[in-house]
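See structure below.
These values consider heavy atoms only, across backbone and side chains, with no hydrogens, waters or symmetry-generated copies.
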Amino acid sequence: MAEGIKDKVAIIGMGCTRFGEAWDKSADDLMIESSMECMEDAGLEKKDIDAAWWGCCFPMGGLSGLPLSMLLKLPFIPVTHVENFCATGTEALRAASYAVAAGVYDIALAIGVEKCKDTGYGGLPDFGGMMGGTSRWDMPNATAPGLFAIMATSYFAKYGLSPEEGKRTLAKIAVKSHHNGTLNPKAHMRREITVDEAMNAPIVAWPLGLYDCCGVSDGSAAAIVVRAEDAKKYRPDPVYIKSFNIAISSGEEKMYTDWDYAHVETTVRAAAKAYKEAGITNPRKEISMMETHDCFSITELTEYEDLGISPRGRAKEDVDAGFFNLDGQIPNQPDGGLKCFGHPIGASGLRMIYEMYKQLQGKAGPRQIKNPKIGLTHNMGGFPPMNVIGISILGL
Amino acid sequence: MVGITSYGAYIPWYRLNRNIIYSAMGWLNPATLTPGEKAVANYDEDSITMAVAAAIDCLNGLDRGKIDGLYFATTTSPYRERQNAGIIAAALDLRPDIRTSDFSDSIKAGTGALLSAYDAVKAGSVKSVIVCASDCRLGKPGSAQEEIHGDGAAALLFGDSGVIASLEGAYSLSHDFMDHWRAAEDRFDRSWEDRWIRDVGYNEFTSEAISGLLKKYSLNTKDFAKVVYPCLYTRAHADIGRKLGFERGQLQEHMFATVGNTGAAYPSMMLVAALEDAKPGDKILVASYGNGADAVFFQVTQEIEKARERRGIKKHLASKKDLASYERFIASREVLTIETGGRGEEMAATSASTLWRHRRAIEALVGSRCKRCGTRQYPPQRICVKPDCGAIDEMEAYRFSDKQGHIIGYTGDSLAFSINPPQMYAMVDFEGGGRSWFDLSDCDLDSLKVGMPVEMSFRRKYHDAARGVYGYFWKAMPIRA
Amino acid sequence: MVGITSYGAYIPRYRINRNTIYSAMGWLNPATLMPGEKAVANCDEDNISMAVAASLDCLNGLEREKIEGLYLATTTSPYRERQAAGIVATALDLRPEIRTADFTDSIKAGTTALLAACDAIKGGSAKRVIACAADSRLGKAGSAQEEIYGDGAAALLLGDSGVIATLEGSYSVSYDFTDHWRGEEDKFDRTWEDRWIRDVGYTKFIPEAISGLLKKYELSIKDFAKVVYPALYVREHAAIGKGLGADPGQIQQQMLATVGDSGVASPLMMLVAALEDAKPGDKILLASYGNGSDAMFFQVTQEIDKVRDRRGIKGHLALKRELTSYEKYAAFRGTIPIEKGIRGDEIAFTQLSNLWRERRVVLALYGSKCKRCGTPQYPPQRICVRPDCGAIDEMEDYRFSDKKGHLFTYTGDSLAFSTSPPAIYGMIDFEGGGRYNFDLTDCDLDSIKVGMPVEMSFRRKYADPARGIYGYFWKAVPVQA
């Protein structure tokens, strides 16, 4: 009978680069940086690594493990490339964790990287070619912001929010994340904004404006995991994985008419399994802090409900009350989130875990949350009708 | 009795006031000012998509499985190799065992195709054949052609039962008269002097063809309820009729100032307009013009009353939107080289083998319906999408292109590259079941609402100029009429 | 009884050995090597001139005034507006009160035009219609297409009396299969992978159309003396016939190694070849290929023996001269931009009003014959040229295009610009009277002699790409058959 992952694996080291427009750095440079910090944090050298998983959505060097192994000169060890759209980072750590939990390896490295800023245009690289055989015909001429913006129009319509009311709610979410970003030296965006600025910003995909959309950034993050029983050999304050859960779209959302395009069904399913695995029965009370996938402000709004924290259709009340602010009940995106820390696709899942890791160890500096016990990361790849959600729950 | 058994037409939603063109380009040649407005295809429309729209109008409520052939007439086909009639037939989801043909290279090709369709039914080769005529002609900026050319399409179904207007006779003229011409790789027509065209060609051939027809069948101008012929010059149009002895009331309104000169589609579109008002017993004379002329006449039957629920010309004329921008017009026609940005230049190659394998899904918007639980789904699935069903390989084909739906969520995306920004798209739930995401076209962002009803329209999805490929798919749009 | 009453064909004189092409371009892609030779249009030939030649062969000795329609199938017309069929009809000096149409955009258009012509007769719209097909397709340098495409034309006269092969039935399939395509502004085809074309298209559509035909008319493949279908791949061409159950002897010989793949013309050229050997009572099955397939079958009658004096395929196959230079071939096809010199770049503009006024003179080579003294003269005169006559306005029309003549004198001019220098021209004295100077073509300076017999051939006289105009006139060709 399968037992799940709770308390079987511990993170003993992590690294994370600054995220931003790193014109002078390639993906290689970023991976060296994050892996060096990670190994130093773990007190290990690369000869100690038994296996590695690396995640990158648009790898210039191809889809094998070679770009990582040849860069770091990993000594003929197993290296696997993983990808699950924007949930890639979580996927890399999940694979590494299962490998050590299964007792196949002792020390495993997970690293994520993305170099978004070599396209020459704003926004994410064109993913048209990744969407399947007939997508160049049967997929709308869509961008990521647009496919999430649709969720905003249907959410507003379903819950009776006027466009103005809806945009205001979204603006508050962005304002909160921007504030947190100013406290984070590694964040891409480090500027306070106001609700008015957010509401009147240029429209990217109606009704989402510039400040409703996360940054397009370069960056990398890395983690080293071992089995829980070995963790204290490496450090006194390892962080334990309480749950890893993934849920992926079945096709129902996109092709069957039940789903309302006003929430993300996969989040609901993944969260249910994650809470069960971690032994959480009342998330609103038991979760100390979160990093959820705020590629767009509307995504974050629906996450409050889909994670079972805000009542369905009433997340606005929690937003208005500051429930998710840094000084609120459950701080969300304490490091600025995708919104301000930035979103190098392959790295983001690991960056979320990095912040929870630092917070649990009391090393978050001006962002430090008081006595956090349980941190949740929520990482989404794809679009509301077709996506994968990766949730991790971490604790001491 | 062989003749027209149904009709349809299509006029693009956008209209451009000729003053707008003149304000932009009249400085080049003040003599080009022409009154009225013209119909302008959207950037995602072309002669193929308009023909599909006209044919859908024509075939409304009819069994498409009974169509034995499709003839397509145009001078502006996007493909010179890859039968355009075949693309239209695929979009209409017609049977494969049919005859298809492109008729081109002359603006009289519309009547030529019509006559061949008549022949095919009369000869017993087919029982029903649909003739589509469509044109989307370009004029160089600042030219008279730019003012005059309009875009549009018509479709006529020919058969031998349920005939609403029987084809009674024809008289043709072929003259290698080079009034205007376009070489194989040229985008724009060139033309000779208007006075010569008018005096030696237009007036002469149109009159000669109509007179020849009257003489051949011993008929008189008085016998006709309506006479249809294209308008190249408004005064000459009136003169031709007058000199032949027709009363003004007999001349079918030529739509020059509301649609424009629609090339190969012109006579057929005017014929559809005439049929919309025709009464049983009416005789209608139709003459085309171009490298000669074809003259044809029809006799309207009692069945005409049954074919009234078409959008045809009237409803399409009434449903319109002012484009209000010359630059948008020439951008949509790819005459103006606009900044697409790096994103707009991303153009993957088209896999012909993938298109072929999925042709019904892509070109005819055919999905599947689970035989076990009845759930409709697009794209076609082998494993049923309904959560508690999941039946494997228990599907039948189900066509979505003729189903209406409503929007459950939408956006206007200013990040995606579009020639007509913002790029609008939505998730659409279909009546009867089934859902998918589609681009939206022929609408403004302000007018969109969650819940609004939409219908499907065959459009140009992309143009890969480097590889010479035009890709097509279906888009959703607010109900047109 | 409706069907073929006469036939003709045309294969350009020039042949190029595929080794010549391969020696020049095989370094680019060694896999393109193909055996045999292919027919190459001269620099003054195109689909229009070849269609005229094939039609002249077909109409040899027949009354042209009785022709009531001309359908031309092609995918390589130099004009997208200016009906090619109209130019051909004018060159053939047909009456203007006829129906003309261009059938384009697919290499199955030849058989579709043939079927439409038969419909016109069966339906009673016309009594005699020509269906001709001509193509001169381009392949990029170093491509397999360059090796395989050959130039040629065929013409069939359809009617209801004196029928030599009756059309008994047809069956068509239409598929939007993009095995190859060409966008409206492109010069060259693009193709998908040959293996896919072969396995999914070529070896499927032809058998499907033929099987459908056999089933529809309850026939067996064994009933046919000849089964005719174009060859795209040699091995598969044989395999198709075998798969249908035909003996190798029933399969009409394909001409890939002697002419090449001539697009729309291929099936009709092969049909002409089959008719040349056909006996009364033979059934002939014909299928085309391209965006589907048209299949049809004919029954040869007793009258077949009356039409044995055509050059057709056999006669033209034998008339050949080798083009030994790849570069000359490329220059002929316009794929190499050659140095024309200042003289060669001089292109006066075309006075179209003049052309129209003189169209019979220019395009049909009409002169006049003095009614008083009987002297034929070209161009037509109002004052008789004969010194001791001088009659004014006593002329009747006189057609020179079908008259033979002999070479009175000539030169080979190396100063004049020619794509195939030297420019050879001379004075032609016509049998029956009349003399004029003409360019000579399809000959070498060495082989010409004063007094040698010549005939007239409709050719492209000049190209004015800047204005998109291609001009035609008649040239003299040494008689070789």
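There is no contact between B/A476 and chain A, counting heavy-atom distances below 4.5 Å. Only the backbone of B/R376 comes within less than 4.5 Å of a heavy atom of chain A; no side-chain atom from C-beta onward does. Proximity to chain A involves both the backbone and the side chain of B/L415, based on heavy atoms less than 4.5 angstrom apart. With a 4.5 angstrom heavy-atom cutoff, B/Y378 touches chain A via backbone and side-chain atoms both. Using a 4.5 Å cut-off between heavy atoms, A/L210 does not touch chain B at all. Residue A/A157 touches chain B through its side chain alone, counting heavy-atom pairs closer than 4.5 Å. B/F430 does not touch chain A: none of its heavy atoms, backbone or side chain, sits under 4.5 Å away.
Taking both residues in full, the closest heavy atoms of B/Y425 and A/G146 are given as OH-CA, 2.7 Å, listed atom of the first, atom of the second, then distance. Annotation for A/E253 and B/M427: closest pair O-CE, 4.3 Å, computed over non-hydrogen atoms. Here the closest heavy-atom approach between residue A/W137 and residue B/S351 is recorded as CH2-O, 3.8 Å. The two residues B/T411 and A/A149 come nearest to each other via the heavy atoms OG1-CB, 3.2 Å.
Side-chain contact between A/M139 and B/W437 is present, with heavy atoms from C-beta onward closer than 4.5 Å. Taking 4.5 Å as the limit, every side-chain heavy atom of B/M424 sits out of range of all side-chain heavy atoms of A/P140. Residues B/S436 and A/D138 are not in side-chain contact: their nearest non-hydrogen atoms beyond the backbone lie 4.5 Å or more apart.
Looking at B/R435, its side chain does come within 3.5 Å of a backbone N or O of A/W259 through a donor-acceptor pair.
Counting heavy-atom pairs closer than 4.5 Å to chain A, the top residue among B/K475, B/Q377, B/Q381 is B/Q381. With chain A as partner, the option from B/G367, B/A361, B/A349, B/P422 having the largest number of non-hydrogen pairs under 4.5 angstrom is B/A349. For the set A/T257, A/N141, A/T153, the count of heavy-atom pairs under 4.5 angstrom toward chain B peaks at A/N141.
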Discussion item. Would B/T354 and A/T134 count as a side chain to side chain contact (heavy atoms under 4.5 Å, CB included) here? Give the steps.
Written reply: CA-CA 7 Å; B/T354 303; A/T134 54; 4.1 Å; yes

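The 12-atom threshold is exceeded at CZ of B/R369, counting heavy atoms of other residues, nucleotides or ligands nearer than 6.0 Å. With a 6.0 Å radius and a threshold of 12 heavy atoms from other residues, nucleotides or ligands, A/R314 has its CZ atom at or below the threshold.
Checked against ring pair (Phe, Tyr, Trp, His ring centres under 6.0 Å), A/F19 has the following partners two or more places apart in sequence or in another chain: A/F341.
Of the inter-residue distances, the one linking B/I407 atom CD1 with A/Y261 atom OH reads 12.5 Å to the nearest 0.5 angstrom. Distance CD1/B/I408 to CD1/A/I150: 8.5 Å, rounded to 0.5 Å.
Contacts between residues 197-209 of chain A and chain B, counted as heavy-atom pairs separated by less than 4.5 Å, involve A/I203, A/V204, A/A205, A/W206. For residues 384-391 of chain B, the interface with chain A (any heavy-atom pair closer than 4.5 Å) comprises B/V385, B/K386, B/P387, sorted by residue number. Heavy-atom proximity under 4.5 angstrom to chain A picks out B/L445, B/V450 from residues 442-459 of chain B.
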